[in-house]
Amino acid sequence: MKIAVFPGSFDPITIGHESIIKRAIPLFDKIIVAIGKNNEKTSYFSIEKRIQWIKETFIEHPSVEVCEYSGLTIDFCKEINARYILRGLRTSADFEFERSIGQVNKQMHPEIETIFLLTLPEHTHLASSIVRDVHRNGGDAQQFVPKAIKLD
Ligand code: ADP
C-alpha cells in the first residue's frame, strides 16, 4: 500500500494545500495530512479547528486522512508505514529549504522518498502566514481557504 505523509502546520489549510493534496490522490493509496506539533511555535488557529477544516475539505475523499504528530516527520512515517513524504514547491526559496530537509531525511532513512509537486501558478503567492495576517486584520481571508470551510 502506497502511503504518503503530507506534513505541515496547516494554520490554516489554504487552497494551495488543497490543490496539492487533490493532485496527489491518484498517486497514492492513502494520504495522511499530518499536523506537526511544534513546541516553539504557538498556532493561530487551534489544533481542533485545523483538523476539522481538513476533514471537511476532504470529506468526499476517503483516502485522505488527517492526524497530529510530534517529533521527526521521518520517525512518524516509519511508525505508520508510510514510504513517501509529499511536499509542495512554490519558489526557489522553497526548493532550497526542502532540498536540505529532503537530503537529511534521505540520509537518515534511505527507504523513504520525498515527492514534490510544483504549485499551480495561481497558488504560488499563497502561504498560511499571509492568510493569518489578512484574517487577523479583518480582511477577506475566506477566498484563500477551501470552499468547504468557514473561518470564524
Ligand atoms: P510548514 O509549516 O512546513 O511551512 P505549511 O503548513 O505551510 O508547512 O505547508 C505544508 C506543505 O504545503 C509544504 O510542502 C508547503 O510547501 C506546501 N504549501 C504551502 N503553501 C502552498 C501553496 N500555496 N501551494 C502549494 N503548496 C503549498
Worksheet entry | Minimum-distance pair of heavy atoms, taken over all atoms of Pro12 and Ser128 | O-OG, 2.8 Å
Worksheet entry | Nearest heavy atoms of Ala34 and Phe76, plus distance in Å | CB-CE2, 3.8 Å
Response to the item:
Separation between CG (Leu72) and CG (Asn105), nearest 0.5 Å, reads 8.0 Å
Worksheet item: Among the clusters formed by ILVMFWY side chains lying less than 4.5 Å apart, do Phe58 and Ile149 turn up in the same one?
Response: yes
Worksheet item: Do Phe45 and Ile47 belong to the same hydrophobic cluster, where Ile, Leu, Val, Met, Phe, Trp and Tyr are linked whenever their side-chain heavy atoms lie under 4.5 Å apart, directly or via other members?
Response: yes
Worksheet entry | Any donor-acceptor pair under 3.5 Å from Asp140 side chain to Gln142 backbone | yes
Worksheet item: Got a second to check how far Thr119's OG1 is from Phe116's CZ, nearest 0.5 Å?
Response: 11.5 Å
Discussion item. Pair Lys2, Arg83 - check side-chain contact (heavy atoms from CB on, under 4.5 Å), show working.
Written reply: CA-CA 7 Å; Lys2 281 194 179 135; Arg83 287 205 34 227; over 6 Å; no
Worksheet item: Between atom OG1 of Thr91 and atom CD of Glu96, what is the distance when rounded to the nearest 0.5 Å?
Response: 10.0 Å
Fill in: Closest non-hydrogen atom pair, Glu68 against Lys37
OE2-CE, 2.8 Å
Discussion item. Testing the basics here: between Ser9 and Arg50, what is the closest heavy-atom pair and its distance to 0.1 Å?
Written reply: O-NH1, 2.9 Å
Practice prompt. Write down the atom of Leu86, the atom of Ala24, and the distance for their closest heavy-atom approach.
Written response: CD2-CB, 3.5 Å
Discussion item. Looking at Glu113 and Lys106, is there a salt bridge between them, counting it only when a charged N and a carboxylate O are closer than 4.0 Å?
Written reply: yes
Item to complete: Check the hydrophobic clustering (I, L, V, M, F, W, Y; side-chain heavy atoms under 4.5 Å; chains of links allowed) and say if Ile15 and Val33 are grouped together.
Response: yes
Item to complete: Apply side-chain contact (heavy atoms from CB on, under 4.5 Å) to the pair Arg90 and Leu126, showing each step before the final yes or no.
Response: CA-CA 9 Å; Arg90 285 166 292 191; Leu126 256 188; 6.0 Å; no
Worksheet, complete the sentence: Closest non-hydrogen atoms of Thr57 and Glu18, given as atom of the first, atom of the second and distance, are CG2-OE2, 3.7 Å
Item to complete: Take His123 and His17, measure what side-chain contact (heavy atoms from CB on, under 4.5 Å) needs, and give me the verdict at the end.
Response: CA-CA 9 Å; His123 295 146; His17 297 128; over 6 Å; no
Item to complete: Start with the C-alpha distance between Glu56 and Gln52, add both sets of side-chain angles, then the distance that settles side-chain hydrogen bond (donor to acceptor under 3.5 Å, both in side chains), and finish with yes or no.
Response: CA-CA 6 Å; Glu56 283 168 6; Gln52 186 201 327; 2.8 Å; yes
Discussion item. Between Ile85 and Ile74, is the side-chain contact (heavy atoms from CB on, under 4.5 Å) condition met? List the steps.
Written reply: CA-CA 8 Å; Ile85 296 176; Ile74 205 95; 4.1 Å; yes
Worksheet item: Under 6.0 Å between ring centres, would you say that holds for Phe10 and Trp53?
Response: no
Discussion item. Could you check whether Lys78 pairs with Glu111 (Lys NZ or Arg NE/NH1/NH2 to Asp/Glu carboxylate O, under 4.0 Å)?
Written reply: yes
Worksheet entry | Atom pair OG/CG of Ser19 and Leu117 - distance to nearest 0.5 Å | 8.5 Å
Worksheet item: Does Ile31 share a hydrophobic cluster with Ile112, counting links as ILVMFWY side-chain heavy atoms below 4.5 Å and allowing steps through other members?
Response: no
Worksheet entry | CD1-SG distance between Ile51 and Cys67, expressed to the nearest 0.5 angstrom | 8.0 Å
Worksheet item: Phe28 versus Ile115: any side-chain heavy-atom pair under 4.5 Å?
Response: yes
Fill in: Pairwise distance CD1(Ile35) to CD1(Ile13) - rounded to 0.5 angstrom
8.5 Å
Practice prompt. Just say parallel, tilted or perpendicular for the rings of His135 and Tyr44, cut-offs at 30° and 60°.
Written response: perpendicular
Worksheet item: Is there a donor-acceptor contact under 3.5 Å linking the side chains of Gln107 and Gln103?
Response: no
Worksheet item: Does Ile3 belong to the same Ile/Leu/Val/Met/Phe/Trp/Tyr cluster as Phe6, with side-chain heavy atoms less than 4.5 Å apart forming each link?
Response: no
Item to complete: Assess the side chains of Thr114 and Arg87: does a donor N or O sit below 3.5 Å from an acceptor N or O?
Response: no
Worksheet item: Is the number of heavy atoms from other residues, nucleotides or ligands within 6.0 Å of CD (Glu60) greater than 12?
Response: no
